[in-house]
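Throughout, protein chains are lettered first and strands after them, A, B, ... in sequence-line order, and every chain is numbered starting at 1. Worth saying up front: this structure is predicted, and the values here are computed from it rather than measured.
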2 protein chains.
Amino acid sequence: MLSPAEGTPQAPTRVLVIDDEPQIVRALVINLKARRYEVDAAHDGATALRLAAARHPDVIVLDLGLPDMDGVEVIKGLRGWTRVPILVLSARHSSDEKVEALDAGADDYVTKPFGMDELLARLRAAVRRAEPAGGGEDEVLVETDGFTVDLAAKKVNRAGKDVRLTPTEWHLLEVLVRNTGRLVSQKQLLQEVWGPSYGTETNYLRVYMAQLRRKLEADPSHPKHFVTEPGMGYRFER
Amino acid sequence: MLSPAEGTPQAPTRVLVIDDEPQIVRALVINLKARRYEVDAAHDGATALRLAAARHPDVIVLDLGLPDMDGVEVIKGLRGWTRVPILVLSARHSSDEKVEALDAGADDYVTKPFGMDELLARLRAAVRRAEPAGGGEDEVLVETDGFTVDLAAKKVNRAGKDVRLTPTEWHLLEVLVRNTGRLVSQKQLLQEVWGPSYGTETNYLRVYMAQLRRKLEADPSHPKHFVTEPGMGYRFER
DNA sequence: GGCGCCTTTGACGCAACCCTGACGCGGCGA
DNA sequence: TCGCCGCGTCAGGGTTGCGTCAAAGGCGCC
């Protein structure tokens with residue numbers, strides 16, 4: 001996995017690196033930028049807290065040995081207002097230090113010297129689990145003057161009351177609404193709703209389009225939203 | 001009456017330990033139980049996947065060296081349907097192994113021999129960040145005209161009295177309530193409640209929906225809150 | 001070892017859905 | 001003008017899916 005984002009084009013992941021050793025910062029910045037991360041760097045705790053507030057990074061890499069304040073204090077300062085993942089770097093191998101940092105709110109603890117591959121993998125893991133849970137399941141609402149379709153909840157509302165749709169009716173409606181304004185061919189409708197082996201049974205469409213219109217159109221015999229394109233297909237118009 | 005926002009009695013954290021070395025399992029189980037964790041243990045990958053589906057642990061400790069299958073496969077098997085934190089144990093120090101496990105979906109990677117204090121701290125960190133984000137933003141109390149569901153306390157109250165639900169009944173209710181207003185497909189319900197290998201046993205749903213309605217609906221034969229969408233799934237309406 | 005609760009499984013009646021065929025209508029081309 | 005094709009409408013019948021009940025299997029607890 002090279003890029004931090006996968007699938008839909010996404011804003012680049014922003015990383016805040018906090019370390020007072022210039023060579024480590026340089027190595028991190030170079031590696032991160034090469035992987036399309038956006039990187040900010042701070043050399044002391046005060047700057048780090050300020051930058052974190054100003055830039056809202058998606059993940060923080062924090063060296064515990066800072067010149068101006070204790071690393072654990074930095075963690076606590078961050079945890080006072082944000083749940084951004086914090087990956088701690090430290091030269092100390094002591095178990096007590098690790099426990100203290102983790103219990104203060106750190107998400108991971110890597111001891112120096114560290115392997116860059118491992119650090120990057122841990123960083124990916126931290127970012128990944130911070131991502132929102134739902135797989136892009138936003139509330140998708142499509143409204144017309146007569147009714148409202150909620151694609152996520154699979155609900156249709158008309159005049160304040162929920163309309164009951166059968167599975168096939170809903171499926172057909174969904175395909176049409178997902179292509180609002182576009183013509184959908186009869187073959188495509190049949191294949192999406194009834195399966196790939198269908199394509200000529202246009203009578204199915206006639207029956208079910210009639211059901212949809214009867215349930216949703218103000219005047220079913222003069223449809224405004226479920227438009228027939230003779231010989232070609234159907235179109236949903238908002 | 002306890003306020004739901006603060007001081008709600010919390011269910012104990014459930015841990016699933018997966019390791020084929022008995023002495024390590026014993027050490028972990030003893031230490032975890034002493035700290036009021038609820039612990040399940042598995043000695044191989046197949047058992048682990050089954051237990052994870054059946055018990056829905058809050059965090060998983062996984063040894064990569066299992067007798068029956070590759071540890072990474074176990075991770076992938078879990079990640080197919082759950083985001084439960086996975087803490088990997090391994091005797092291998094190789095960077096490649098760590099990267100592979102982390103990119104497969106593990107949350108942390110600890111090499112053996114490990115310090116118990118550190119492991120427990122990492123476990124706490126994993127559990128902590130898996131907790132729901134908003135302090136009071138998440139709705140834990142869902143009220144209807146007939147009953148009240150407390151998702152945090154895992155309790156249902158009807159007419160001033162607590163309703164007794166079996167584990168399966170509660171689980172089903174929880175999934176439905178967490179998706180209030182949205183249609184939940186039969187497959188999704190089966191997989192979330194009974195495990196990823198289920199998906200067609202709709203008779204389970206019929207039986208348990210009937211139980212829920214009998215216990216919670218004012219008129220079980222004419223449900224207002226647990227609505228059937230024939231051929232598609234069920235929906236909880238407040 | 002026995003008991004009770006929970007889960008799983010099977011059988012049955014009933015309602016709803018899906019498919020099918022028939023018919024009428026309008027548009028288009030011959 | 002006539003005939004054909006595509007579309008809309010309606011009603012019937014086979015099939016599926018759901019609710020309900022009851023009983024058997026599993027498991028932990030006493």
Measure from [atom1] on [X] to [atom2] on [N] and round the result to the nearest Å.
X	N	atom1	atom2	value
B:Phe226	D:dG19	CZ	C1'	16 Å
A:Met209	D:dG6	CE	P	18 Å
A:Asn203	C:dG21	CG	P	9 Å
B:Lys215	C:dC6	NZ	C1'	10 Å
A:Trp170	C:dC17	CH2	P	15 Å
A:Glu169	C:dA16	CD	P	13 Å
A:Arg164	C:dA16	CZ	P	9 Å
B:Glu201	C:dT9	CD	P	8 Å

Handout entry: Close approaches to DNA chain C from residues 178-199 of chain A, in residue order (heavy atom, under 4.0 Å)
Key =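 Nucleic-acid contacts, sorted: A:Trp194.
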Exercise for the section: Tell me which residues in residues 228-236 of chain B put a heavy atom below 4.0 Å from DNA chain C, sorted by number, or none. Expected result: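 Listed by number, there are none.
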Which residues satisfy the salt bridge (Lys or Arg N to Asp or Glu O under 4.0 Å) test with [X], sequence neighbours excluded?
X	answer
B:Glu169	B:Lys215
B:Glu97	B:Arg92
A:Arg79	A:Asp107

Problem - Residue pairs passing the side chain to side chain donor-acceptor pair (under 3.5 Å) test where at least one lies in residues 180-196 of chain A, sequence neighbours excluded - result: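 Side chain to side chain donor-acceptor pair (under 3.5 Å) check on residues 180-196 of chain A returns A:Asn179-A:Arg182.
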Practice task
Not counting sequence neighbours, list each pair that qualifies as a side chain to side chain donor-acceptor pair (under 3.5 Å) and has a residue in residues 226-238 of chain A.
Solution key: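 As it turns out, the side chain to side chain donor-acceptor pair (under 3.5 Å) pairs with a partner in residues 226-238 of chain A, which skip direct neighbours, are A:Arg213-A:Thr228, A:Glu229-A:Arg235.
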Exercise for the section: Could you tell me whether the phosphate oxygens of C:dC17, OP1 or OP2, come under 4.0 Å of any side-chain nitrogen or oxygen in A:Thr166? Expected result: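 Checking A:Thr166 against C:dC17: no side-chain N or O falls below 4.0 Å of OP1 or OP2.
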Problem - Where B:Pro57 and B:Val84 come nearest, the two heavy atoms and their spacing - result: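 Residues B:Pro57 and B:Val84, closest heavy atoms: O-CG2, 3.3 Å.
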Handout entry: Minimum heavy-atom distance A:Pro85-A:Ala126, with the two atoms named
Key =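 Closest heavy-atom pair between A:Pro85 and A:Ala126: CG-O, 3.7 Å.
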Handout entry: Verdict with supporting geometry, B:Asp68 and B:Asp20, side-chain contact (heavy atoms from CB on, under 4.5 Å)
Key = CA-CA 10 Å; B:Asp68 62 333; B:Asp20 63 329; over 6 Å; no
Exercise for the section: Indicate yes or no for a side-chain donor-acceptor contact from A:Arg128 to the backbone of B:Leu102 under 3.5 Å, with no hydrogens or angles considered. Expected result: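 Between the backbone of B:Leu102 and the side chain of A:Arg128 there is a qualifying donor-acceptor contact (under 3.5 Å).
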Handout entry: B:Leu173 backbone acceptor or donor facing B:Arg178 side chain under 3.5 Å
Key =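 Checked: no pair found.
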Exercise for the section: Between protein and nucleotides 21-30 of chain D, map the contacts as a letter string: B base, S sugar-phosphate only, - none, heavy atoms under 4.0 Å, written 5' to 3'. Expected result: ----------
Exercise for the section: Just do the side-chain contact (heavy atoms from CB on, under 4.5 Å) check on B:Leu49 and B:Leu78 with the steps written out, would you? Expected result: CA-CA 7 Å; B:Leu49 289 174; B:Leu78 289 165; 3.8 Å; yes
Practice task
If a pair satisfies ring pair (Phe, Tyr, Trp, His ring centres under 6.0 Å) and one of its residues is in residues 21-79 of chain B, list it, with sequence neighbours excluded.
Solution key: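 Every ring pair (Phe, Tyr, Trp, His ring centres under 6.0 Å) pair that includes a residue of residues 21-79 of chain B, provided the two are not neighbours, is B:His56-B:Trp81, B:His56-B:His171.
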Exercise for the section: Could you list all the ring pair (Phe, Tyr, Trp, His ring centres under 6.0 Å) pairs where at least one residue sits in residues 90-121 of chain B, not counting sequence neighbours? Expected result: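 Matches after skipping sequence neighbours: none remain.
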Practice task
May I ask you to test the B:Leu141-B:Thr148 pair for a side-chain heavy-atom distance under 4.5 Å?
Solution key: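 Touching, per the 4.5 Å side-chain cut-off.
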Problem - SB check B:Asp58 B:Arg14 (cutoff 4.0 Å) - result: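 Judged by the 4.0 Å cut-off on N to carboxylate O distance, B:Asp58 and B:Arg14 do not form a salt bridge.
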Problem - Residues B:Lys155 and B:Asp150 bridged, charged N to O under 4.0 Å - result: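 Not counted as a salt bridge, because no side-chain N and carboxylate O are separated by less than 4.0 Å.
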Problem - Upstream residue (5' side of DNA chain C) when B:Thr168 and A:Pro167 are each assigned their closest nucleotide - result: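 The 5'-side residue here is B:Thr168.
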Exercise for the section: Estimate the overall bend of the helix from C:dG1-D:dC30 to C:dA30-D:dT1 from the end axes over five pairs each, rounded to 10 degrees. Expected result: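 Inter-axis angle at the termini of the helix from C:dG1-D:dC30 to C:dA30-D:dT1: 30°.
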Please write out each protein N/O paired with an N/O of nucleotides 22-30 of chain C under 3.5 Å, distance rounded to 0.1 Å.
none

Exercise for the section: Assign B:Tyr208 to base, sugar-phosphate, or nothing according to its heavy-atom contacts below 4.0 angstrom with the strands shown. Expected result: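 The answer is base, as B:Tyr208 lies within the cut-off (heavy atoms under 4.0 Å) of a base atom.
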